[in-house]
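Here's the structure, in structure tokens; my notes come after.
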Number of protein chains: 2
Amino acid sequence: MSSNTLGVRQAQKRKTREALLDAGLRLLEEQSLSSLGLREVTRVVGVAPAAFYRHFRDMADLGVALVGESLGSLHVVVRAVLAERSEAEEVIDGTVEAVAAHVELHPAHVRFIARERHGGVRAVREAIGAELDRFGDEVAEALGAQELSAGWSAEDVRMLAGLYVDHLVMTASAFIEAAGPEERRRIADTARRQLRLISLGRRHWLDG
Amino acid sequence: MSSNTLGVRQAQKRKTREALLDAGLRLLEEQSLSSLGLREVTRVVGVAPAAFYRHFRDMADLGVALVGESLGSLHVVVRAVLAERSEAEEVIDGTVEAVAAHVELHPAHVRFIARERHGGVRAVREAIGAELDRFGDEVAEALGAQELSAGWSAEDVRMLAGLYVDHLVMTASAFIEAAGPEERRRIADTARRQLRLISLGRRHWLDG
DNA sequence: CCTTCCGGCAAACAGTTGTTTACTGACTCC
DNA sequence: GGAGTCAGTAAACAACTGTTTGCCGGAAGG
């Protein structure tokens with residue numbers, strides 16, 4: 001077998017593994033990981049409970065796998081936003097729009113991250129934290145390369161990046177819990193104004 | 001019986017009710033509400049499972065009660081911070097210090113709020129959200145009364161208040177997960193710089 | 001003092017849980 | 001084509017869950 005053409009064996013295994021992940025993600029929309037049962041997941045997939053152990057050691061293990069899946073898709077969004085080279089105001093609009101679109105496209109993933117970031121399963125908490133730190137580093141690198149950051153210490157750039165990432169997560173969480181389109185509009189509007197204020201503070205950081 | 005001297009009957013009931021709340025809060029340090037069992041709580045308290053129903057309908061009901069208890073203590077902190085009348089830099093230092101102190105004093109309460117804010121129990125999520133909104137309103141009122149907010153629209157003041165409250169919650173969450181005193185120092189330092197940047201943006205909001 | 005109230009108890013209920021065991025049968029590979 | 005690999009199975013395990021029932025014993029209150 002070649003590198004991208006898996007044998008029938010491995011292909012089937014990958015398939016049920018992803019079915020388990022999907023089922024888990026779906027069930028996690030209405031509960032948290034520490035209460036998600038192994039049998040609950042296998043029942044949805046239509047597979048024997050014992051089969052679970054062929055793919056994951058734990059539910060915590062499955063949770064960690066979901067972290068990668070969930071934040072992997074966000075990575076694309078962040079990179080796209082950072083690549084923007086337009087006016088500040090347009091970058092802000094584009095960012096908020098991108099976040100809104102992402103939440104609408106992958107609501108379960110976003111909800112999972114928001115829910116388990118401070119959830120009851122240590123391994124998953126730490127996986128999310130580590131991944132968000134990597135987001136922060138990535139954003140910091142991009143910010144540091146901009147002329148607006150001339151004269152900034154690396155530490156200050158990193159703290160600004162952290163503020164952006166935190167704000168992104170909070171905005172995404174708010175979108176997730178939004179009741180209707182009207183509330184989503186209100187959230188987007190607030191997020192834009194907050195970003196504007198932050199970027200204003202950024203511009204005057206080296207004053208005085 | 002007078003209004004503040006409860007009968008022996010009611011006093012005992014209140015006592016076990018608070019024992020249930022305490023036990024729940026303690027158990028929630030290592031799991032989330034949606035996986036916390038009724039029997040688990042009563043076992044810790046040393047009371048029969050059926051006794052639980054004399055005080056709460058649900059675990060969700062107990063959770064909602066915990067929200068009030070947890071955010072009630074924070075209310076005091078926020079009011080104290082808002083009452084400050086010193087220089088901006090001192091207000092920032094005082095705020096971060098107050099948050100750090102509060103987290104050290106009531107770690108379980110703070111952890112509960114962080115964990116269940118986006119947790120799997122709708123009623124609790126909504127209770128926390130509503131209470132945080134009230135915090136936002138309170139902060140907005142205080143900000144609006146400052147001379148720095150002259151010329152600001154009510155909406156803009158409210159969005160700034162929201163930014164402050166979100167930042168407070170994120171900082172508290174970070175403190176909770178901090179490993180050692182060195183990491184706590186780092187978190188406090190970052191939080192201070194972020195608040196400084198935000199207040200810088202605030203000062204220039206009406207420019208241009 | 002005697003009745004009413006009521007917080008807590010013990011027991012039983014039917015379901016559910018995670019994990020282990022020995023197994024089957026289709027795919028892999030020489 | 002025959003031996004070996006291994007994802008998925010069925011069954012059994014003890015332990016646990018939330019909830020209901022009838023009952024007890026001491027406080028409340030006339």
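Each chain gets a letter, A, B and so on, in the order the sequences are listed, and its residues count up from 1. All figures in this text were calculated on a predicted structure; none of them were measured in a lab.
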(request) Would you state whether a donor and an acceptor, one from the side chain of A:Arg43 and one from the base of C:dT16, lie under 3.5 Å apart? (result) no
(request) Record whether the side chain of B:Arg54 comes under 3.5 Å of the base of C:dC6 through a donor-acceptor pair of N or O atoms. (result) no
Choosing from [options], which nucleotide comes nearest the side chain of [X]?
| X | options | answer |
| --- | --- | --- |
| B:Arg9 | C:dC27, C:dT17, C:dC6 | C:dC6 |
| A:Val8 | C:dT28, C:dG18, D:dT9 | C:dT28 |
| A:Ala50 | C:dT20, D:dT17, D:dT19 | C:dT20 |
| B:Lys13 | C:dG7, D:dG8, D:dT17 | C:dG7 |
| A:His55 | C:dT17, C:dT21, D:dG8 | D:dG8 |
| B:Pro49 | D:dT19, C:dG8, C:dG18 | D:dT19 |

(request) Decide whether A:Ser32 and B:Ser32 meet the rule of one side-chain donor and one side-chain acceptor closer than 3.5 Å. (result) yes
(request) Could you pick out which residue, A:Ala48 or B:Leu38, lies toward the 5' side of DNA chain D when each is mapped onto its nearest nucleotide? (result) A:Ala48
(request) Identify, between B:Asp58 and A:Gln12, the residue whose nearest nucleotide on DNA chain D lies closer to the 5' end. (result) A:Gln12
For [X] and [N], what is the distance between atoms [atom1] and [atom2] respectively, to the nearest whole Å?
| X | N | atom1 | atom2 | value |
| --- | --- | --- | --- | --- |
| A:Gln31 | C:dT16 | CD | C1' | 14 Å |
| B:Arg39 | C:dA11 | CZ | C1' | 10 Å |
| A:Asp61 | C:dG18 | CG | P | 15 Å |
| B:Gln10 | C:dC5 | CD | P | 16 Å |
| A:Glu40 | C:dG18 | CD | P | 8 Å |
| A:Phe56 | D:dA7 | CZ | P | 13 Å |
| B:Lys15 | D:dA27 | NZ | C1' | 15 Å |
| B:Leu20 | C:dG7 | CG | P | 13 Å |

(request) Evaluate whether atom CD of B:Glu29 has more than 12 neighbouring non-hydrogen atoms of other residues, nucleotides or ligands under 6.0 angstrom away. (result) yes
(message) Distance check, rounded to the nearest 0.5 Å: A:Arg202 atom CZ versus A:Leu148 atom CG?
(response) 4.5 Å
(request) Any chance you could measure B:Glu177, atom CD, to A:His118, atom NE2, to the nearest 0.5 Å? (result) 6.0 Å
(request) Remember a base hit wins even if backbone is also touched, and classify A:Tyr53 as base, sugar-phosphate or nothing at under 4.0 Å, heavy atoms. (result) base
(request) May I ask you to check whether B:His75 and B:Phe135 place their ring centres under 6.0 Å from each other? (result) yes
(message) Check the phosphate of D:dG8 against A:Thr16, side-chain N and O only, distance under 4.0 Å to OP1 or OP2. Yes or no?
(response) yes
(message) Is the phosphate of D:dT19 approached by B:Arg57 (side-chain N or O, under 4.0 Å from OP1 or OP2)?
(response) no
(request) In plain terms, say whether A:Arg134 and A:Glu131 are close enough for a salt bridge, that is, a side-chain N and a carboxylate O under 4.0 Å apart. (result) yes
